[in-house]
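These notes are about the structure you will find just below.
To find a chain, count down the sequence lines: A is the first, B the second, and so on, and within it residues start at 1.
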There are 2 protein chains.
Amino acid sequence: MPTPHYGQPRYRVIADQLRERIESGVIPPGALLPAESVLTVEFRASRGTIRRAIAVLREAGLVATSHGRGTHANPRHHGSVLNKSADPETRERHVTADPQLAAIFTVDVGTALLESESVIQIDGTIEAVVRIYRLPRSIS
Amino acid sequence: MPTPHYGQPRYRVIADQLRERIESGVIPPGALLPAESVLTVEFRASRGTIRRAIAVLREAGLVATSHGRGTHANPRHHGSVLNKSADPETRERHVTADPQLAAIFTVDVGTALLESESVIQIDGTIEAVVRIYRLPRSIS
DNA sequence: AGAAATTTGTCCGTATGTATC
DNA sequence: AGATACATACGGACAAATTTC
C-alpha cells in the first residue's frame, strides 16, 4: 500500500471516527477503547497510525491511556466551568501577500510573508484557526 | 541495537539536549535547527525518534516546524502578540475555506467561514495581522 | 506466588508523499 | 527540474506494566 494522504492523513480520519463513537456514546465514559491490536485490524492500519490517532484524542483530552491497561474514554466535563485551554501547536510557512495584506503592510502583492498558524481546540472540538502574518525577520 | 529505555526514553533525552541548546543560545532565536537527517547522525537515533523529540519541543512552544523548510527555535508566541493589542482594528467578513482550512474544520473546500482580521500595531508600526477563522454561527 | 497472556511504550529501518529551496 | 527537508505509513522487534490463570 502506498502512502497517499491527499486530503486528511489516515490518523486524523481514524481519530475523527473514534471521537464520533465517544461523543455519540457508542463508547461510554469510562469504558475502554478496543486494544490497539484490535483497531489495527478494524481500520487496516499499522499500529503506529492507530497510536497516532489515539494521541490526537489524548491531547484533546477525551481519552486517557495507561501502560498495560488500555485507553479509556474520559468522563466529559461538559457544562462545567472547566474549559480546557488550547494547546499551542504552531506551524509556520511562507505565503505571498494577498491584496489586503499587501495594503496593510504597504508591500507589493506577492511579497513573501511569514504565516504562523495555530488550531484552537476546546474539549476536542475545533473552535478556531488563528493565522498570524508578519514580515520575515531580517537580521539574525 | 536492542531497545533499552531503563531511565528516560531516548526521545526525551534528545529533547532535553536540544532544549538546552536553545535556551543557552547555542541555537539562537529564529535560527534553524539541524535537519532531521543531520540529527539522526549526531544522536545515532532513527528519524522517528528525532521527530518525536522535536514534537516535544513543539508542544512546549519552543520551536515551530515548516514543511519543506525546517524547524526553527523560539517562534513568537501568539499569546504575547494578542495581549499587546490595545487598539485592534477588527474587521469581519465571510470567506471560503481554502484546502488547509477545509481539512482542519473537516468541511468541503469553498465552505463559508467567518474571518475576523485584526491589525496589531506597536508604536505606530505594524507588527502583525491576525486572522481568526470560525465556523459560522449555527442554530442549536 | 508465579508464569503466561495481554496491552501499551519505545525504537528501528524502509518506503513513499508533499512542500520548499 | 533536481535536491533537500519534513509528513505519513508500514512492519518488525523488544521493553515494561497490568491483568489473568
Side-chain angles (χ1 to χ4, degrees), chain A residues 1-16 18 27 31-59 63-73 89-96 110-117 119 136, chain B residues 1-16 18 31-59 63-73 75 98-100 102-104:
Chain A
M1 224 66 87
T3 314
H5 45 281
Y6 301 107
Q8 289 209 52
R10 296 199 61 194
Y11 72 87
R12 282 203 176 279
V13 176
I14 295 172
D16 283 340
L18 290 176
I27 300 177
L32 276 175
L33 271 67
E36 294 169 357
S37 57
V38 176
L39 295 176
T40 59
V41 176
E42 177 178 342
F43 290 103
R44 298 177 194 277
S46 72
R47 202 180 145 216
T49 302
I50 297 295
R51 283 179 60 75
R52 179 131 192 218
I54 293 177
V56 170
L57 303 178
R58 185 166 47 242
E59 286 166 24
V63 301
T65 303
S66 313
H67 192 169
R69 277 180 44 83
T71 299
H72 53 267
E89 185 141 344
T90 304
R91 286 212 150 57
E92 296 192 343
R93 49 200 266 243
H94 278 300
V95 297
T96 55
T111 301
L113 294 176
L114 189 63
E115 178 192 88
S116 184
E117 180 180 276
V119 178
Chain B
M1 215 81 97
T3 315
H5 45 283
Y6 301 107
Q8 280 202 332
R10 297 198 61 196
Y11 71 87
R12 286 209 172 277
V13 176
I14 294 173
D16 284 340
L18 290 176
L32 277 174
L33 271 67
E36 293 171 356
S37 58
V38 175
L39 295 176
T40 59
V41 176
E42 175 178 344
F43 289 103
R44 297 177 184 279
S46 74
R47 208 182 136 217
T49 301
I50 296 296
R51 283 179 58 76
R52 183 137 188 213
I54 292 177
V56 171
L57 302 178
R58 183 167 48 241
E59 286 166 23
V63 301
T65 303
S66 316
H67 195 146
R69 275 174 40 84
T71 299
H72 50 265
D98 61 37
Q100 284 84 17
I104 294 172

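OP1 or OP2 of C:dT10 sits under 4.0 Å from a side-chain N or O of B:Tyr11. Between B:Arg10 and C:dT10, a side-chain N or O to OP1/OP2 separation shorter than 4.0 Å is absent.
Partners of A:Ser66 under the side-chain contact (heavy atoms from CB on, under 4.5 Å) rule, at least two apart in sequence or in another chain, are A:Arg69, A:His72. Annotation: side chain to side chain donor-acceptor pair (under 3.5 Å) contacts of B:Asp16 (sequence neighbours excluded): none. Looking at residues two or more places apart in sequence or on another chain, you find a side-chain contact (heavy atoms from CB on, under 4.5 Å) between A:Arg51 and A:Glu36, A:Arg47. Legend: residues meeting side chain to side chain donor-acceptor pair (under 3.5 Å) with B:Thr49, ordered by chain and number and at least two apart, are B:Ser46.
Closest-nucleotide positions on DNA chain D for A:Arg12 and B:Thr65 were compared, and the one nearer the 5' end corresponds to B:Thr65.
For B:Arg47 and D:dA7, a side-chain-to-base donor-acceptor distance below 3.5 Å is present, hydrogens and geometry of angles not being considered.
Contacts between residues 32-41 of chain A and DNA chain C, defined by a heavy-atom separation below 4.0 Å, involve A:Ala35, A:Glu36, listed by number.
Residues A:Arg91 and B:Gln100 are not in side-chain contact: their nearest non-hydrogen atoms beyond the backbone lie 4.5 Å or more apart.
Between A:Arg52 atom CZ and C:dT8 atom P the separation is 19 Å, expressed in whole Å.
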What's touching nucleotides 19-21 of chain C from the protein side, N or O pairs under 3.5 Å?
residue: C:dA19; atom: O4'; partner: B:His67; partner atom: ND1; Å: 3.4
residue: C:dC21; atom: OP1; partner: B:Arg69; partner atom: NH1; Å: 3.0

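Within the 4.0 angstrom heavy-atom criterion, only backbone atoms of the sugar-phosphate kind lie near B:Gly70; the bases stay farther away.
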